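Quick one: structure below, then a few questions.
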Amino acid sequence: MDWFILSETAFKAAVIFYLIAAGLYLLFLARRNEKVGGTATLVAMAAVIFHTLGLAFRWIQGGIAHPPFTNLYESLLFFSWGIAVFYLAIERKYKFKAGGAFIIPVSLGAIGAAVLNPAGSKEIQNLLPALQSYWLHAHVAVAAMAYAAFVASFGASLMFLIKDGVDRKWLGHYSNLFMAFMLLICDRLNIIRHGVFTLNQVSPDGSVTGQLVGLAVPGKLLAMAVVYFIIAAVLYVWLAKKDAESGNRLSILGVPFAPMVTLIGSASTALALLFLVKQAHARPDLALFGNPFKIIILCLVIFMGVATSVIDLALERIQEILPPAETLDSMCYSIITIGFPLMTAVIVTGMVWAKYAFGEYWQWDPKETASLITWIIYTGYLHAKVSLNWTPRRTAVISIIGFASVVFTYLGVNVIGPGYHAYASF
């Protein structure tokens, strides 16, 4: 029995179900249709089942000493699985479905980027000597679950701010700035400096080389998307005063200016991704997904732009759907009390593994440093919550900043600078 083919088939099926589930959760958020919400949950559960089978098949293929999270491809799969499982557990505990619109797209982006990689990068290879350690297995597995918890806490914090009545202008303003920032770093600022998007060139055997190929059309589309998001961020703040004075939001065909520009930015990003797919298919020597972090960023920006616009246009209806603000605040705190010790364990197991593999506990590698910063931010959250008695709104902001740090730790570090964590590559 070919376990590799079975696992890849299961992962592809999971991607399809995650995509459907993400759309249904977003539709539920906008329409508040219980049948749609129930269907979204069932589809998400089906995705997790296929996802679990894929991981199991791959583990069987690799053997007991080769768990399915020892390289970047498998790490993405396991990280995505952890997010989805964590979310479904929360949905079952707290009896609400709106969180799926905020969390499931993250899971979809991670597994989608993994599955779309070249076939040659997915084969199970013998582990490097430095990776042949159970400390590494523990480190990666715990990291995936810690990040999954922080993704869930981000969703809870964002929903709290929406429910608590934070002005839509600030939600739109900071969301657009974050999307512009993520696009800028996804190609090491080459989008702005050269108007290009770089792809890794690969040899016939599927291995990725260091040569970079410029693709001007996708790069220009993404540069335009950055401009759109920055304009939208400015419009959210500037037009808020105009709207307050006139009593109506300035709009075109009934769609307010700011969310319309955000949607245009998302559309430009999606169009750039389509061009990348087209050009990569036309050039067999190019690996579109040679660096999956770029693709995850693009997918997240597309979904985040759509979600930002949907939240803006249906804000009052969404506020009615969400649980009480106190419940969301309590949920966020409970999730972080789970994620924080896991993140502590990530740092500790990473130090032990580094000592075993490289002879030193700490080397100030970029990802080590970013992980420490993330840990400090969530330490600040717990301190502000328990000792300083900060208001829930202020601690929710810390939680969202912590999530931004998680995104940078997991995605940004890998596309900006090298480090010995670069072993986790295709």
Side-chain angles (χ1 to χ4, degrees), residues 11-12 14-31 36-37 39-48 50-51 76-91 96-116 144 147-159 162 171-172 175-176 178-179 182-183 186 225 229 259 262-263 265-267 269-270 273 292-314 318 321-322 335 400 403-404 406-407 410-411:
F11 291 140
K12 290 176 182 177
V15 169
I16 294 172
F17 280 106
Y18 280 128
L19 180 60
I20 297 172
L24 289 173
Y25 276 120
L26 197 59
L27 181 61
F28 171 78
L29 192 65
R31 296 290 185 178
V36 172
T39 304
T41 300
L42 292 176
V43 174
M45 291 174 64
V48 169
F50 279 107
H51 203 157
L76 287 167
L77 294 171
F78 193 72
F79 172 60
S80 173
W81 177 83
I83 293 172
V85 170
F86 212 100
Y87 166 71
L88 288 175
I90 293 172
E91 181 180 299
F96 81 102
K97 305 179 185 298
F102 300 89
I103 299 173
I104 291 299
V106 182
S107 185
L108 170 64
I111 189 175
V115 168
L116 291 172
Y147 289 163
F150 292 143
V151 170
S153 67
F154 161 75
S157 297
L158 183 55
M159 287 185 286
I162 294 172
L171 293 173
S175 295
N176 278 279
F178 182 75
M179 289 185 286
M182 293 307 297
L183 285 184
C186 80
F229 289 134
T262 301
L263 282 175
S266 292
T269 306
L273 183 57
F293 294 101
K294 295 179 183 180
I295 311 306
I296 298 174
I297 289 173
L298 296 185
C299 293
L300 285 179
V301 167
I302 294 168
F303 273 105
M304 190 172 178
V306 174
T308 299
S309 300
V310 170
I311 291 171
D312 183 304
L313 298 174
I318 292 172
I321 296 173
L322 296 177
I335 294 171
I400 291 175
F403 171 74
V406 168
V407 172
Y410 192 69
L411 302 179

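Just so we're clear, the structure is a prediction, and the values are computed from it rather than from any experiment.
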Q: Quick one: do Asp312 and Leu171 satisfy side chain to side chain contact (heavy atoms under 4.5 Å, CB included)? Show the steps, please.
A: CA-CA 8 Å; Asp312 183 304; Leu171 293 173; over 6 Å; no
**Q.** Qualifying residue for ring pair (Phe, Tyr, Trp, His ring centres under 6.0 Å) with His51, from Phe17, Tyr18, Phe78
**A.** Tyr18
Q) Do Thr269 and Phe229 have side chains that get closer than 4.5 Å, going by heavy atoms? A) yes
Q | Test log, rule side chain to side chain contact (heavy atoms under 4.5 Å, CB included), inputs Val407 and Phe178 | A | CA-CA 11 Å; Val407 172; Phe178 182 75; 4.3 Å; yes
Q.
So, taking the atom named CG in Leu300 and the one named CE in Met179, what distance separates them when rounded to the nearest 0.5 Å?
A. 11.0 Å
Q.
Nearest 0.5 angstrom please: Leu88 CG to Lys97 NZ, how far?
A. 9.5 Å
Q. What's the spacing between Thr262 OG1 and Ile311 CD1 if we round to 0.5 Å?
A. 11.0 Å
Q.
Tell me the closest heavy-atom pair linking Val301 and Ser266, and the distance in Å.
A. O-OG, 3.9 Å
Q: In sequence, state the C-alpha distance, the side-chain angles, and the governing distance for Tyr25 and Thr41, and then conclude on side chain to side chain contact (heavy atoms under 4.5 Å, CB included).
A: CA-CA 8 Å; Tyr25 276 120; Thr41 300; 3.4 Å; yes
(Q) Counting only heavy atoms not in Phe50 (residues, nucleotides, ligands), do more than 12 fall under 6.0 Å from its CZ? (A) no
Q.
Give me the atom names and distance for the closest heavy-atom approach of Ser107 to Ala84.
A. OG-CB, 3.8 Å
(Q) So which atom in Thr308 and which in Ser175 form the shortest heavy-atom distance, rounded to 0.1 Å? (A) OG1-CB, 3.6 Å
Q: With rounding to the nearest 0.5 Å, note down the distance linking CD1 in Ile335 to CD1 in Ile90.
A: 3.5 Å
Q. Measuring from Phe86:CZ to Glu91:CD, what's the distance to the nearest 0.5 Å?
A. 14.0 Å
**Q.** Closest non-hydrogen atom pair between Phe303 and Ala22, with its separation
**A.** CE2-CB, 4.2 Å
(Q) Could you check whether any side-chain heavy atom of Phe28 comes within less than 4.5 Å of a side-chain heavy atom of Ile321, counting everything from C-beta outward? (A) yes
Q. Taking the side chain as C-beta and beyond, is there a heavy-atom pair between Ile83 and Ile103 under 4.5 Å?
A. yes
Q: Classify the angle between the aromatic ring planes of Tyr147 and Phe79 as parallel (below 30°), tilted (30 to 60°) or perpendicular (above 60°).
A: perpendicular
**Q.** Ile104 CD1 to Leu26 CG distance, which is reported to the nearest 0.5 Å
**A.** 12.5 Å
Q: For Ile111 and Ser80, work out which heavy atoms get closest and say how close.
A: CB-OG, 3.4 Å
Q) Of all heavy-atom pairs between Ile297 and Leu183, which one has the smallest distance, and what is that distance? A) CG2-N, 4.4 Å
Q: State, yes or no, whether a side-chain contact exists between Ile20 and Ile16 at a heavy-atom distance under 4.5 Å.
A: yes
